[in-house]
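Report on one structure; see the data block that follows.
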There are 2 protein chains.
Amino acid sequence: MAYRETEKMRNRKAHARKRIVECTQQRVAEGGFRNARVTAVAECAGVATGTIYRHFDSKEELFAEIFRIATQREVDKVTEALGTEGNAVVRLERALRQFAERALRAPTMAWSLIAEPVDPKVEEERLKFRRAYAELFEQAIEQGMAEGSLPTQQAAQSGTCLVGAIAESLVGPLSPSMVEAANPGENNDSHPLVDSIIDFCMQGLTGNRR
Amino acid sequence: MAYRETEKMRNRKAHARKRIVECTQQRVAEGGFRNARVTAVAECAGVATGTIYRHFDSKEELFAEIFRIATQREVDKVTEALGTEGNAVVRLERALRQFAERALRAPTMAWSLIAEPVDPKVEEERLKFRRAYAELFEQAIEQGMAEGSLPTQQAAQSGTCLVGAIAESLVGPLSPSMVEAANPGENNDSHPLVDSIIDFCMQGLTGNRR
DNA sequence: ATAAGTAGTGAACCACGATTCATTTCTTCA
DNA sequence: TGAAGAAATGAATCGTGGTTCACTACTTAT
């Protein structure tokens, strides 16, 4: 035997894989998954098309990985918001705001994660993604019920409803046509939209108008 | 001139068109839009593939029409529920229940309308469909505010949130994998799921726990 | 009956992008 | 240095299904 995989090679491969992942993310962020053709990703990453397939079994696998990564980022942010101090009610409010504002700040990526038509494997990841959110909310709601800051309710169901209410409210503003029409310089923070979504959600949870 | 379109011919064409529409609906109801290949529809309707194109410019147009028809049926049902007697609160509750229960009764069709990946033209119709629901709810909410049965709120935003909360809650149960796993004989009415969705929604609207 | 025109046909065509694989280039180690 | 194997290449291939269009069958009016 004359060749054995060495550290150098492992590094080089890992590096190439990383470049492929990054380029895919970039293209998705720019124009959604449909903008991330295998040939385009390869070119961007400076490798041949075939090379993609030395790192991923298929385009769907690659996309699923990108989806997981982007998703994890978002879920982490919400987890973080739910981990701040205060009672469950204020923490949930922070989390909902985090969710909505981050989406509006990176609308194309958010649209891809929430609403872009995708292949089955990726759709599976999307369902997991949404369930992950719903479960995070569910936990916080249960804490709220335990500490008495939230009335008795079906925590799982309420969590799902929160995800749906926000996602639905964002689908319009996030859709490519809307994004394209938006002035890129405009301030997307403290969007009045976000406040009224949150009003509905918090009332759904607490029963208290604010 | 020797040939002029006559009543008989117009009838025959209308009839063929209707058969095409019906077959498409049937196939969509059975397995979603991806189950309605042009060739399959043609065969089912007893015409040649090419004939489809004498009635519709493209598959997308055909699908968009099917989508519109199915959608109109649903919207009509909700409109009907909102038109019954009682104050806005009870009428909204009836409407939400109608929405959810009909979806659970025809899960594949509901999934196609709500969540199946579709082509852009059809996606456009879907956005209209969702907006139509949101607007119906919005109107009822405004009536509720006027008559004092609902507190002041952003009616449009609340309407959108209602649509999202229900749709999201249904996506899981409606997804093909779930539907396939469900016992076809089981009773989908008075689903406990529906009650807890409605609890959340009604509280979001009224602020009153029931 | 026949001319003029429309409806219907379906096999061939095409667009599109994912995937493959024979070939080339590079890496390792004796 | 060179033999053995791995990695990289990218043009060619393939699969899928929508769409076309030259042709046939039918309808109408004279």
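Just so it is clear: chains get the letters A, B, ... in the order the sequence lines come, proteins before strands, and each one is counted from 1. Since we're looking at a predicted model, the values are computed, not measured.
Take the nearest nucleotide of DNA chain D for B:F63 and for B:R12: the residue whose nucleotide is more 5' is B:F63. The residue among B:V38 and B:E7 whose nearest nucleotide of DNA chain D lies closer to the 5′ end is B:V38. Residue A:R34 is the one, among A:D57 and A:R34, whose nearest nucleotide of DNA chain C lies closer to the 5' end (criterion: closest heavy atom).
Residue A:Y3 places its side chain closer to D:dA7 than to any other of D:dA7, C:dA7, D:dT28. The side chain of B:V47 lies closest to C:dT9 when the candidates are D:dA7, D:dT19, C:dT9. The side chain of B:T49 lies closest to D:dT19 when the candidates are C:dG8, D:dT19, D:dG17.
One atom, CG of A:L62, and another, C1' of C:dA18, lie 12 Å apart when rounded to the nearest Å. In this structure, A:Y53 atom OH and D:dA12 atom P are separated by 18 Å, rounded to whole Å. Atom NZ of B:K8 and atom C1' of C:dT6 are 13 Å apart (whole Å). We find that CD1 of B:I52 is positioned 14 Å from C1' of C:dA7, with the value rounded to whole Å. One can place CE of A:M9 at 13 Å from P of D:dA6, the figure rounded to the nearest angstrom. The distance between atom CD of A:E61 and atom C1' of C:dA18, rounded to the nearest whole Å, is 14 Å. Per the geometry, NE2 belonging to B:H55 stands 9 Å off P belonging to C:dT9, to the nearest Å. Taking atom CZ on B:F56 and atom C1' on D:dG18, their separation rounds to 15 Å, with Å as the unit.
Salt bridge absent: B:E101 and B:R94 never bring a charged side-chain N and a carboxylate O closer than 4.0 Å.
A:R54 comes within 4.0 angstrom of a base, heavy atoms only. Residue-level contact check: B:T6 touches the backbone only, with heavy atoms under 4.0 Å from sugar-phosphate atoms and none from bases.
A close approach under 4.0 Å does not occur between any side-chain nitrogen or oxygen of B:K59 and OP1 or OP2 of D:dG17.
Under the 3.5 Å distance criterion, with hydrogens and angles disregarded, no donor-acceptor pair is assigned to the side chains of B:E168 and A:T160. Side chain to side chain, B:D199 and B:Q203 fail the donor-acceptor criterion of an N or O pair below 3.5 Å. Side chains of B:T71 and B:E125: a donor-acceptor N/O pair is absent below 3.5 angstrom, by distance only.
Taking the six-membered ring wherever Trp is involved, the centroid distance between the rings of B:F129 and B:Y133 falls below 6.0 Å.
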